[in-house]
Amino acid sequence: MKILVAANQKGGVGKTAALVHLAFDFLERGLKVAVIDLDTQANASYTLAQYKGETVASDIFFGDPAPVWIAPEEGTLLLIASDTGLVNLEQLPLPEAISRFRESIRQIRDQEFDICLIDTAPSMGVGLMSALYVSDYVLSPIELEAYSIQGIKKLLTTISNVRRTTVPGIEPNTGLKFLGMLPSKVDARKPRQVRNLAELQAAYPELLVPLNIGFRDGIAEALASGIPVWQIKSTAARKAALETKAMAKYVLENMGLKT
Ligand SMILES: Nc1ncnc2c1ncn2[C@@H]1O[C@H](COP(=O)(O)OP(=O)(O)O)[C@@H](O)[C@H]1O
Ligand SMILES: [Mg+2]
């Protein structure tokens with residue numbers, strides 16, 4: 001099982017949009033997909049509500065006894081939904097959060113899921129940090145605006161710390177791979193965004209996903225309707241469908257899974 005976290009401590013940059021489209025695409029490919037929603041805003045849980053399982057996200061950290069996972073069938077999506085218990089996560093010491101999370105991941109792996117996708121809250125807290133310690137891959141949607149670009153530098157530093165630094169009693173996550181920054185909500189009619197993209201490409205060519213997701217209403221509509229954008233019929237949605245499908249293929253290939 002491969003584990004991917006959508007991470008950017010800035011909100012509104014397209015993390016959840018990317019993550020739920022990965023989940024829909026992987027499901028359509030017949031993979032067994034688990035989605036863990038660690039954001040108390042519960043946006044992924046809203047869009048993927050039809051896939052909600054009995055276990056909720058706070059059970060990972062506070063479940064007593066630890067949660068038992070239902071064995072999935074082929075081509076299954078299991079949502080481990082955000083719940084109000086997650087508000088206590090920020091009070092949990094990081095080493096304990098990481099070891100609880102690692103134990104749950106081990107159990108999910110035992111259920112023969114192919115992929116576990118983790119959506120995170122927009123803050124550099126215990127939720128995001130512990131997710132970075134249990135994941136194999138990080139994908140970071142960004143907006144092509146100054147605040148977003150500023151924020152990504154801090155995230156890159158955090159990722160390199162997670163690879164090297166031992167939290168008391170916890171091994172560093174030496175194998176954590178950065179899949180890249182995914183320019184999202186891109187408006188090519190805005191010269192500022194075009195300029196920022198060019199600057200990012202010049203400064204961090206190896207850290208940018210060589211694709212982007214345009215600003216398109218179809219995506220917001222899809223997220224609100226609980227369906228992938230490729231099921232929405234409009235011209236803008238067709239473009240968004242091509243972009244999100246290309247993104248999913250890129251992610252799958254770069255996680256070493258067959259497409
Ligand atoms: N490519 C896009 N085009 C238009 N709107 C988008 C796009 N991606 C996300 N949105 C909208 O922008 C808002 C923030 O996106 P979201 O994925 O929730 O960001 P995050 O998870 O990083 O906070 C949501 O209202 C969502 O519907
Ligand atoms: Mg979100």
Side-chain angles (χ1 to χ4, degrees), residues 4-25 35-49 51-52 57 79-83 86-87 89 117-125 127-129 131-132 135 138-152 154-155 158 179-190 192-194 196-197 208-209 211-248 250-251:
L4 177 144
V5 57
N8 184 337
Q9 74 280 15
K10 184 155 187 345
V13 295
K15 287 184 292 295
T16 302
L19 190 110
V20 302
H21 280 91
L22 291 176
F24 283 131
D25 179 88
V35 174
I36 302 175
D37 185 357
L38 291 186
D39 186 357
T40 48
Q41 292 179 77
N43 299 139
S45 300
Y46 176 84
T47 299
L48 301 175
Y51 303 103
K52 185 175 186 297
L79 167 68
I80 298 163
S82 164
D83 65 298
L86 279 178
V87 297
L89 183 53
L117 302 171
I118 307 172
D119 199 14
T120 55
S123 83
M124 200 67 94
L128 174 53
M129 287 304 295
L132 289 171
S135 292
V138 190
L139 179 70
S140 294
I142 55 162
E143 263 185 308
L144 295 173
E145 299 294 350
Y147 287 177
S148 179
I149 292 167
Q150 247 177 337
I152 203 76
K154 182 160 179 237
L155 182 69
T158 303
L179 283 185
M181 306 181 243
L182 172 69
S184 297
K185 304 169 77 170
V186 176
D187 187 347
R189 291 165 308 184
K190 290 194 175 129
R192 184 182 63 253
Q193 293 211 351
V194 174
N196 285 340
L197 181 58
L208 261 188
V209 175
L211 301 162
N212 52 57
I213 309 284
F215 188 95
R216 306 192 195 283
D217 273 348
I219 298 216
E221 193 182 333
L223 296 176
S225 314
I227 55 173
V229 70
W230 48 87
Q231 286 178 18
I232 297 207
K233 304 287 167 233
S234 72
T235 312
R238 256 195 306 282
K239 287 187 184 152
L242 292 174
E243 290 170 347
T244 47
K245 289 261 182 194
M247 182 269 300
Y250 178 89
V251 168

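Keep in mind that what you see is a predicted model, and the values were worked out from it rather than measured. Whatever order the structure lists ligands and atoms in, that order sets their numbers, starting from 1. What's counted below: heavy atoms across the whole structure, side chains too, no hydrogens, waters or symmetry copies.
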- Item | Test item: Thr120 side-chain N/O and Leu38 main-chain N/O as donor-acceptor pair under 3.5 Å | no
- Message: Quick check: Ile213 and ligand 1, any N/O pair under 3.5 Å apart?
- Response: no
- Task: Compare Val20, Asp119, Asp39, Thr16 and give the one whose heavy atom is closest to atom 18 (O) of ligand 1.
- Result: Thr16
- Query: Do the non-hydrogen side-chain atoms of Val20 and Tyr46 ever get within less than 4.5 Å of each other?
  - Reply: no
- Proximity of Val13 to ligand 1 by residue part, where a heavy atom lies under 4.0 Å: both
- Message: I want to know if ligand 1 touches Asn43 in the polar sense, i.e. an N/O pair below 3.5 angstrom.
- Response: no
- Within 4.0 Å of atom 26 (C) of ligand 1 (strictly less), any protein heavy atom? yes
- Item | Gly11 heavy atom under 4.0 Å from ligand 1 | yes
- Note on the structure: For Pro183 and Leu144, the nearest pair of non-hydrogen atoms, with its separation, is CB-CD2, 4.2 Å
- Query: Using heavy atoms and a threshold below 4.0 Å, how should the contact between Arg216 and ligand 1 be classified: side chain, backbone, both, or neither?
  - Reply: backbone
- Task: Kindly indicate, with the supporting measurements, whether the criterion side-chain contact (heavy atoms from CB on, under 4.5 Å) is fulfilled by Ser45 and Leu79.
- Result: CA-CA 7 Å; Ser45 300; Leu79 167 68; 4.2 Å; yes
- Return a yes/no value for Phe215: is any of its N or O atoms, backbone included, closer than 3.5 angstrom to an N or O of ligand 1? no
- Would you kindly specify which portion of Ile219 sits under 4.0 Å from ligand 1, judged on non-hydrogen atoms: side chain, backbone, both or neither? side chain
- Task: Could you find the nearest protein heavy atom to atom 13 (C) of ligand 1 and give me its residue, atom name and distance?
- Result: Lys185 NZ, 3.7 Å
- Query: Does the distance from a Lys or Arg side-chain N to an Asp or Glu carboxylate O, for Lys245 and Asp25, drop under 4.0 Å?
  - Reply: yes
- Any N/O pair Gly14/ligand 1 closer than 3.5 Å: yes
- Quick one: does Lys15's side chain have a donor or acceptor within less than 3.5 Å of a partner on Lys10's backbone? yes
- Message: Is it the case that ligand 1 has an N or O less than 3.5 angstrom from some N or O of Lys15?
- Response: yes
- I would like to know whether Thr158 and Met129 meet side-chain contact (heavy atoms from CB on, under 4.5 Å); could you show each step before the answer? CA-CA 8 Å; Thr158 303; Met129 287 304 295; 3.5 Å; yes
- Can you name the nearest heavy-atom pair linking Leu182 to Leu211, along with the distance? CD1-O, 3.9 Å
- Message: Pair Val138, Val5 - check side-chain contact (heavy atoms from CB on, under 4.5 Å), show working.
- Response: CA-CA 5 Å; Val138 190; Val5 57; 4.1 Å; yes
- Query: Is there a heavy atom in Gly214 that sits closer than 4.0 Å to ligand 1?
  - Reply: yes
- Task: Run the numbers for me: atoms of ligand 1, each under 4.0 Å from some heavy atom of Ala220, listed by number.
- Result: 27 (O)
- Task: If you have a sec, work out which protein heavy atom is nearest atom 23 (O) of ligand 1 and how many Å separate them, to one decimal?
- Result: Gly12 N, 2.7 Å
- Query: Is the number of heavy atoms from other residues, nucleotides or ligands under 6.0 Å of Asp187 CG greater than 12?
  - Reply: yes
- Contact check: Thr16 to the Mg ion (ligand 2), N/O/S below 2.8 Å: yes
- Can you pull out the closest protein heavy atom to atom 24 (C) of ligand 1? Residue, atom name and distance to 0.1 Å, please. Leu223 CD1, 4.8 Å
- Starting from atom 9 (C) of ligand 1, find the nearest protein heavy-atom neighbour and note its residue, name and distance. Ala17 CB, 3.8 Å
- Note on the structure: What one should report as the nearest heavy-atom pair of Asn8 and Pro141 is ND2-O, 2.9 Å
